[in-house]
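All remarks here apply to the structure that follows.
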Amino acid sequence: AIAELAAPGAVVVPHAATVFVQLLSSERMWRAHAIDAAIGPVRVRCGPCGGTGRIQDVHADAHLDAMDLLSDPQPCWNFEFGKPPAATEEHVGFMLTPTKRGTAHGLLIWWRLHMDADGSV
């Protein structure tokens, strides 16, 4: 849409985002969404995504009472809204290691918006 609708040099707000990921344990989500569980470090791959049927779009705020976060937040991908990801852009892979005991039923994923290019807003 940016290439087709915005004038050259247009300012895009928000400018960019950082995507974060965190291991979570939630029996309620596990039962409701038939997700695979894991114990121990989990391999995470972040980057451009064309979509998948395995992702359950759930608003975490509505389920905070039923979640136990098992790892620290890990930044996994940065992107600018005004620049579409290149088709050859590589994914970032890393191990997400638990910081407390439990069964990882899923990943909590969110983004932090950067409203301007220099990060002051």
Side-chain angles (χ1 to χ4, degrees):
I2 293 291
E4 297 296 322
L5 300 175
V11 175
V12 178
V13 178
H15 174 73
T18 301
V19 178
F20 292 86
V21 63
Q22 198 166 5
L23 290 173
L24 73 92
S25 178
S26 175
E27 289 282 334
R28 181 191 302 167
M29 284 201 209
W30 180 69
R31 285 191 310 272
H33 299 290
I35 52 182
D36 296 332
I39 298 175
V42 175
R43 179 168 296 285
V44 177
R45 209 171 148 227
C46 295
C49 177
T52 176
R54 300 279 304 156
I55 293 176
Q56 301 290 330
D57 184 10
V58 177
H59 290 275
D61 291 350
H63 301 279
L64 289 176
D65 63 325
M67 285 186 209
D68 190 18
L69 299 175
L70 303 178
S71 69
D72 294 328
Q74 173 72 44
C76 66
W77 190 43
N78 295 295
F79 65 92
E80 292 183 25
F81 286 98
K83 294 182 181 176
T88 59
E89 186 171 341
E90 290 188 29
H91 289 79
V92 175
F94 57 90
M95 295 301 289
L96 191 54
T97 303
T99 54
K100 63 192 264 189
R101 296 181 63 83
T103 300
H105 293 112
L107 296 172
L108 180 63
I109 301 169
W110 75 96
W111 60 15
R112 179 179 297 149
L113 296 176
H114 310 284
M115 301 308 281
D116 63 353
D118 63 7
S120 63
V121 178

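No experiment lies behind these values; they were computed from the predicted model shown.
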Nearest heavy-atom pair of [X] and [Y]: which atoms, and what distance?
X	Y	result
A117	H15	CA-CD2, 3.5 Å
I109	V19	CG2-CG1, 3.7 Å
F81	P14	CD1-O, 3.3 Å
S71	P98	CB-CA, 4.2 Å
L107	L23	CD2-CD2, 3.6 Å

**Asked** Which pairs count as salt bridge (Lys or Arg N to Asp or Glu O under 4.0 Å) when at least one residue sits in residues 94-108, sequence neighbours excluded?
**Response** D68-K100
**Asked** Where the side chain of H105 meets the backbone of S26, is there a donor-acceptor pair that is under 3.5 Å apart?
**Response** yes
**Prompt:** By salt bridge (charged side-chain N to carboxylate O under 4.0 Å, His left out), which residues pair with D116, not counting sequence neighbours?
**Reply:** none
**Request:** With rounding to the nearest 0.5 Å, note down the distance linking CH2 in W111 to OG1 in T18.
**Result:** 11.5 Å
**Item:** Point-to-point distance, once rounded to the nearest 0.5 Å, from CD of Q22 to CG of L69
**Value:** 4.5 Å
**Prompt:** Same hydrophobic cluster for V12 and L5, using side-chain heavy-atom links shorter than 4.5 Å among ILVMFWY?
**Reply:** no
**Aromatic plane relationship, W110 with F20 - under 30° parallel, 30 to 60° tilted, over 60° perpendicular** = parallel
